[in-house]
Chemist: 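Handing you a structure now.
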Amino acid sequence: MLFKTKFLPLAIAMAFAGNAGAQEVVKIGHVAPISGASAHLGKDNENGAKMAIEELNAGGFKINGKVVKFVLLTEDDASDPKQGTAAAQKLVDAKVNGVIGHLNSGTTVPASKIYFDAGIPQISPSATTPQYTKQKFNTAFRVVANDNKLGGTLGRYAVDKLQAKRIAIVDDRTAYGQGVAEEFVKGAKAKFPGVQIVGKEFTNANATDFNAILTSIKGKKPDLVFFGGMDAVGGPMLRQIKSLGMNVRFMGGDGICTESLAKLAGDGAGDGIVTCAETGGVMGDQQKVMDNFIARYKKKYNSDVQLYAPNVYDAVMTMATAMADAKSAEPAKYLPFLAKVKYAGVTGPIAFDAFGDIKDGSMTLYTYKGGKKTKVEVVK
């Protein structure tokens, strides 16, 4: 007892000394659908975030001259706006230093208000609705081009390169699906005012039976169907287009532009039938950087990149760079540095405009051949 009493003050002093010199922990929140129809995309996003966090820690990343430890806090929003806001509040309560997410526009927009009110910077790696940054929240950023560019580019490509004259539109009524479809029509009509939109049909993000809307569309004899939605719906839709004997091209945005689409569509995704666009795109020497990332991802997870993992990786690295520039991981201190950050990412150079949108965002057009996603061209 005398021994314990004699050494207790020293032990306490040593404990406090250890705490005082303890490594700073920087908490990064990540939100994506880890359950539901888009779970394969959400897991892809989460993997991209984990890769970045692990590499930052392995490299001894420093902020203000001190090595920090990044910790990833992940939440599942199941692509549901209500669950998305609950996830956002949970991360705010956990006092995260920043958030990477959400994946879907429909969850990103309502969650962004919660992060803004808490003063926590948010970088979405994939939400494309213009509404996200039109709110003028100074905490909201994205590393992908928005629907104005995504849908508009596809619309112009449809009438210019694919020579589409009669187009049917289907969207899943989500913020993303509806938004990209509307911008597609604007882009098509701007390029060729005489293009005919022969039908507009609607489905939902969990639908599996499209016979009614496709039969209606078939009777209007389109030469192209544009779908605003995700691959989990687009794939089965392509199967049913094939079974109905519809000889049409099929287009969609980044939501369908995944490695999984060909498996989901079966022989409905025949060679050259599908054209889709993925936000971002690299050329020349930058392709080597992307190929290296894809190889590292494959080695680490024994699976192919689905879609947004490189964007998530870049979003984490961009946020860390802003913290280093600010010499602080405190949201209020590094936020101004995030607004003016310049980062050479896997997906290309990253910098933001006054709204938080990526500057000079590129896009890559793809088709499918032999069941494989195949690059067509990169456009600015």
Side-chain angles (χ1 to χ4, degrees), residues 26 28-32 44-45 47-53 55-56 59 61 63 70 72 97-103 105 108 112 115 120-130 132-133 137-150 153 254 277-294 296-297 305 307-327 329 331 334-364 378-380:
V26 178
I28 303 295
H30 175 264
V31 192
D44 186 54
N45 277 26
N47 286 345
K50 285 180 177 178
M51 270 187 72
I53 293 294
E55 288 180 16
L56 286 169
F61 191 85
I63 297 176
F70 286 89
L72 188 68
N97 299 81
V99 173
I100 307 299
H102 300 204
L103 188 153
S105 293
T108 300
S112 65
Y115 301 132
I120 296 174
Q122 171 193 12
I123 304 177
S124 174
S126 49
T128 56
T129 178
Y132 172 51
T133 50
F137 294 160
N138 70 335
T139 50
F141 302 86
R142 66 172 132 217
V143 293
V144 292
N146 65 25
D147 285 340
N148 292 341
K149 185 158 191 175
L150 178 64
T153 298
D254 54 342
E278 181 180 311
T279 53
V282 296
M283 298 177 288
D285 291 341
Q286 188 66 34
Q287 185 63 54
K288 296 177 183 177
V289 179
M290 177 62 81
D291 290 344
N292 177 268
F293 173 85
I294 292 171
R296 287 189 288 119
Y297 183 100
V305 169
L307 186 56
Y308 302 118
N311 304 90
V312 178
Y313 178 91
D314 276 355
V316 173
M317 293 300 191
T318 299
M319 186 171 279
T321 298
M323 291 175 179
D325 292 344
K327 298 182 180 180
Y334 82 83
L335 180 58
F337 289 84
L338 183 57
K340 60 184 181 182
V341 73
K342 291 183 179 179
Y343 176 70
V346 168
T347 60
I350 294 174
F352 303 112
D353 66 16
F355 295 96
D357 285 308
I358 191 169
K359 291 182 179 178
D360 301 320
S362 59
M363 297 182 53
T364 306
V378 175
V379 295
K380 282 284 189 179

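In what follows, every heavy atom counts, from backbone to side chain, and hydrogens, waters and symmetry copies are set aside.
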Chemist: Any side-chain heavy-atom pair from Val379 and Thr153 closer than 4.5 angstrom?
Modeler: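 Val379 vs Thr153: side chains touch.
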
Chemist: Which atom pair, heavy atoms only, marks the closest approach of Thr133 to Ala140?
Modeler: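 Of all heavy-atom pairs spanning Thr133 and Ala140, the closest is CG2-O, 4.5 Å.
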
Chemist: From Met323 CE over to Asp325 CG, what is the distance, rounded to the nearest 0.5 angstrom?
Modeler: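 One gets 11.5 Å once the value is rounded to the nearest 0.5 Å.
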
Chemist: Applying ring pair (Phe, Tyr, Trp, His ring centres under 6.0 Å), name anything that partners Phe141, two or more places apart in sequence or on another chain.
Modeler: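 In terms of ring pair (Phe, Tyr, Trp, His ring centres under 6.0 Å), with neighbours along the sequence ignored, Phe141 is linked to Phe352.
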
Chemist: Check whether any side-chain heavy atom of Val305 lies under 4.5 Å from a side-chain heavy atom of Asp44, and answer yes or no.
Modeler: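 Touching, per the 4.5 Å side-chain cut-off.
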
Chemist: Measure the NE2-OH distance between His102 and Tyr115 for me, rounded to the nearest 0.5 Å.
Modeler: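 Answer for the NE2-OH pair, His102 versus Tyr115, is 3.0 Å.
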
Chemist: Which value, rounded to the nearest 0.5 Å, describes the distance between Ile100 atom CD1 and Gln122 atom CD?
Modeler: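 So the gap between those two atoms works out to 9.0 Å.
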
Chemist: Any non-hydrogen side-chain atom of Val378 less than 4.5 Å from a side-chain atom of Val282?
Modeler: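 Result no, sub-4.5 Å side-chain heavy-atom pair not found.
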
Chemist: Please round to the nearest 0.5 Å and tell me the distance separating atom CG of Asn97 and atom CZ of Phe70.
Modeler: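 Separation between the atoms: 8.5 Å.
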
Chemist: Which heavy atom in Leu72 sits nearest to a heavy atom in Lys50, and how many Å separate them?
Modeler: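 Nearest pair, atom of Leu72 first, then Lys50: CD2-CG, 3.8 Å.
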
Chemist: Which pair of non-hydrogen atoms, one from Ile120 and one from Thr139, has the smallest distance, and what is that distance?
Modeler: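 Nearest pair, atom of Ile120 first, then Thr139: O-CB, 3.5 Å.
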
Chemist: Would you say that Met317 contacts Leu56 through its side chain, given a criterion of any heavy-atom pair below 4.5 Å between the two side chains?
Modeler: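 With C-beta onward as the side chain, the pair touches.
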
Chemist: Taking C-beta and beyond as the side chain, do Phe61 and Glu55 meet within less than 4.5 Å on heavy atoms?
Modeler: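 Sidechains of Glu55 and Phe61: no contact.
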
Chemist: Is it true that the side chains of Tyr297 and Asn47 contain a donor and an acceptor less than 3.5 Å apart?
Modeler: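 There is such a pair between these side chains.
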
Chemist: Taking atom types as modelled, is there a side-chain donor on Tyr308 or Asp254 under 3.5 Å from an acceptor on the other?
Modeler: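 Side chains of Tyr308 and Asp254: pair found under 3.5 Å.
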
Chemist: Calculate, to the nearest 0.5 Å, the distance between atoms CG and CG belonging to Asp353 and Asp357 respectively.
Modeler: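 Here the rounded value is 5.0 Å.
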
Chemist: Would you please name every residue forming a ring pair (Phe, Tyr, Trp, His ring centres under 6.0 Å) with Phe337, sequence neighbours left out?
Modeler: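 Residues passing ring pair (Phe, Tyr, Trp, His ring centres under 6.0 Å) with Phe337: none at all.
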
Chemist: Can you measure from CG (Leu150) to OG1 (Thr128) and round to the nearest 0.5 angstrom?
Modeler: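 These two atoms lie 5.5 Å from each other.
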
Chemist: Quick check: closest heavy atoms across Pro310 and Val346, and the distance to 0.1 Å?
Modeler: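 Taking Pro310 first and Val346 second, the nearest heavy atoms are CB-CG1, 4.3 Å.
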
Chemist: Would you find more than 12 non-hydrogen atoms of other residues, nucleotides or ligands less than 6.0 Å from Phe355 atom CZ?
Modeler: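 No - once you tally the heavy atoms of other residues, nucleotides and ligands closer than 6.0 Å, there are 12 at most.
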
Chemist: Testing the basics here: between Ala49 and Val312, what is the closest heavy-atom pair and its distance to 0.1 Å?
Modeler: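 In terms of heavy atoms, the two residues are closest at N-CG1, 3.4 Å.
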
Chemist: Heavy-atom distance under 4.5 Å between the side chains of Ile358 and Ile350, does that happen here?
Modeler: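 Answer yes - side chains close enough.
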
Chemist: Which heavy atom of Asn45 sits nearest to which heavy atom of Leu103, and what is that distance?
Modeler: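 Scanning both residues, the minimum pair turns out to be ND2-CD1, 3.4 Å.
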
